[in-house]
Each structure stands twice: as C-alpha cells, then as structure tokens.
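Here the structure comes first, spelled out in structure tokens, and everything after it is commentary.
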Amino acid sequence: MADLFTPLLAEEPAREALADGAMLLRGLALPFASALIEAIHGIAAISPFRHMVTAGGHAMSVATTNCGAAGWVSDRSGYRYDAIDPETRKPWPEMPECFAALAELAAIQAGHAQFRPDACLINRYVPGARLSLHQDRNERDFAQPIVSVSLGLPAIFRFGGIRRNDPVRKFALHHGDVVVWGGPARLRFHGVAELKDGFHDQLGRQRINLTFRRAR
DNA sequence: AAGTGCCG
DNA sequence: AGTC
C-alpha cells in the first residue's frame with residue numbers, strides 16, 4: 001500500500017524552530033484561508049480598519065481592527081486592551097469560530113497547550129507598510145503564547161531577542177504560514193519589514209496578519 | 001514609564 | 001543596505 005507519496009501525505013505541516021519556544025508552521029492556515037478572509041470582511045464591516053496613533057503621536061502605517069472580548073488599541077495616551085472599539089463605541093466583533101479553532105490548533109502544534117485567546121488583533125499591510133521592532137507586553141499572562149497568522153502578500157518577519165539590541169533574524173512569511181512564540185520566547189522583540197509591492201490572488205495588494213493573544 | 005513611530 |  002505504501003508508495004512514494006505516502007510519506008508526503010502523512011507528513012505534518014513543515015515546521016521550523018525559530019528559537020527556543022518559537023515555531024514557524026508553514027501553511028498551517030491554508031485550509032482555513034477562505035473562511036478566515038470571509039470572516040475578516042465581516043469584522044471590518046462592523047469595526048473598520050483604521051490607522052491608530054502611537055504615544056509619540058505618529059500614525060501607524062499598518063491599519064488595524066480587532067475581534068474578541070478585548071482589542072488592542074493605541075492613541076496618544078498609550079497602548080492598552082479595551083473591550084470597546086473607540087471608533088464605534090461598541091464592543092469589538094465576536095471572535096469567529098474558525099479563528100479560535102486555528103489559534104488553538106497552532107498553539108498545540110507548537111507545543112503550547114491550553115491557549116485560550118480572548119483577543120485577535122487584525123493588521124492590514126499595504127505595500128510600504130511596516131511594523132517596527134517591539135515586544136507584546138501589554139497582556140496579563142505571559143504564560144500564554146502569541147499566535148500570528150499570515151494571509152495575502154508575503155512579508156519579511158523580523159525576530160529578535162529579549163533585549164532590544166539583540167541580533168535580529170529574518171524569515172519570509174507566506175500566505176497560510178503561522179508563527180507561534182511563547183515560554184522563553186514570549187517577550188522576544190519582533191516586527192515586519194516594509195512590505196514589498198505585489199499581487200495576491202485572494203487579497204490583492206495587501207497582507208493581513210491575525211495576532212491572537214490572551215489579553216486578560 | 002514608555003511603547004508597534006520617523007528621520008538622518 | 002544595515003545599523004545607530
């Protein structure tokens with residue numbers, strides 16, 4: 001029964017260790033992509049993408065919305081999680097089932113059990129957009145990992161260390177790739193290099209990133 | 001208490 | 001083009 005293709009079919013998604021506690025799961029989100037994209041449209045119809053402003057008063061090049069019980073927000077007063085979208089003054093849209101299912105699957109695949117995200121930050125990059133090196137540290141429980149899902153145009157993910165000046169490694173992230181970091185890697189600095197121009201069949205000239213966290 | 005920001 |  002076994003033939004040349006059996007090992008390939010039995011194989012799990014390609015995984016690449018980025019660091020102790022950090023894993024890149026290539027293509028894990030591919031089977032979810034259509035459902036994810038449809039759900040993103042629904043979310044954006046309720047809580048539109050907007051360019052948030054940082055504490056320094058600069059508008060981010062990335063456009064943001066959220067779903068889930070808590071949403072990441074930034075304005076001149078700083079960063080925080082809020083149950084209410086400051087633009088609509090209503091709760092963020094509920095987290096779709098396919099979002100939660102993928103996040104949980106990814107965490108398990110990466111060896112982080114018991115991941116229960118209550119927040120999904122949705123970032124939209126158009127060519128030229130970037131996210132400079134930062135830490136995710138506004139969450140209450142650093143025992144819970146971060147799960148990051150890439151859709152659309154490819155991007156260069158920058159993954160550093162615990163200290164800002166630690167060396168930074170770069171990884172190409174494609175449509176369907178998922179990065180999970182937790183444990184000793186939970187507070188690693190990370191960012192996204194300026195997005196290059198291109199065209200993606202499903203999303204056109206953009207990249208959308210889903211970042212799942214347990215905020216509270 | 002800054003910070004996922006921009007500039008040279 | 002990478003780094004400060």
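Naming: A, B, ... by sequence-line order, numbering from 1 per chain.
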* To do: Send over the distance from A/Asp75 CG to B/dG3 C1', rounded to a whole Å.
  => 12 Å

* Structure fact -> Rounded to whole Å, CZ of A/Arg80 lies from C1' of B/dG3 at a distance of 13 Å

* **Among B/dG3, B/dA1, C/dG2, the nucleotide that comes nearest once only the side chain of A/Tyr79 is considered** => B/dG3

* Structure fact -> Of the candidates C/dG2, B/dA1, B/dG5, the side chain of A/Ser132 sits closest to B/dG5

* Listed by chain and number, what are the salt bridge (Lys or Arg N to Asp or Glu O under 4.0 Å) partners of A/Arg216, not counting sequence neighbours? -> none

* Asked: Which whole-number value in Å describes the distance from A/Met52 CE to B/dC6 C1'?
  -> 20 Å

* Where does DNA chain C pair, written as one dot-bracket string 5' to 3', with Watson-Crick or G-U pairs under 3.5 Å, ( ) inside the strand, [ ] for crossing pairs and | for another strand? -> ...|

* Asked: Counting any heavy atom closer than 4.0 Å, what does A/Ser77 reach on the DNA or RNA strands: base, sugar-phosphate only, or nothing?
  -> base

* Asked: Over how many whole Å does the gap from A/Phe189 atom CZ to B/dG3 atom C1' extend?
  -> 9 Å

* Structure fact -> Scanning both residues in full, the closest heavy-atom pair of A/Phe49 with A/Ala63 reads CD2-O, 3.6 Å

* To do: Send over the distance from A/His134 NE2 to B/dC6 P, rounded to a whole Å.
  => 14 Å

* Min side-chain heavy-atom separation A/Tyr125-A/Leu131 under 4.5 Å -> yes

* Asked: Where the side chain of A/Arg188 meets the backbone of A/Gly160, is there a donor-acceptor pair that is under 3.5 Å apart?
  -> yes

* To do: Classify the nucleic acid contact of A/Gly56 as base, sugar-phosphate or nothing, counting any heavy atom under 4.0 Å across all strands shown.
  => nothing

* **B/dG5 - base-pair partner by Watson-Crick or wobble geometry, distances under 3.5 Å** => none

* To do: Find the distance A/Arg130:CZ to C/dA1:P and express it as a whole number of Å.
  => 14 Å

* Among C/dG2, B/dG3, B/dG5, which is the nearest nucleotide to the side chain of A/Met60? -> B/dG5

* Partners meeting side chain to side chain donor-acceptor pair (under 3.5 Å) with A/Asn123 (sequence neighbours left out) -> A/Thr64

* Okay, side chain of A/Trp92, backbone of A/Ile43: is any donor-acceptor separation there less than 3.5 Å? -> no

* With sugar-phosphate meaning primed atoms plus P, OP1 and OP2, does A/Thr54 contact a base, only sugar-phosphate, or nothing at under 4.0 Å between heavy atoms? -> sugar-phosphate

* To do: Calculate the interatomic distance between A/Asp136 atom CG and B/dA2 atom C1'; express it in whole Å.
  => 15 Å

* Asked: What is the nucleic acid contact for A/Asn138, judged by heavy atoms within less than 4.0 Å: base, sugar-phosphate only, or nothing?
  -> base

* Under 30°, 30 to 60°, or over 60°: which ring-plane class applies to A/Phe171 and A/Phe159, parallel, tilted or perpendicular? -> perpendicular

* Test: A/Asp85 and A/Arg50 ion pair at under 4.0 Å -> yes

* When you measure from the side chain of A/His58, which nucleotide among B/dA1, B/dG3, B/dC6 comes out closest? -> B/dC6

* Return the nearest nucleotide to the side chain of A/Ala55; candidates are B/dA1, B/dG5, B/dG3. => B/dG3

* Asked: How close or far is atom P of B/dC7 from atom CD of A/Glu194, stated in whole angstroms?
  -> 11 Å

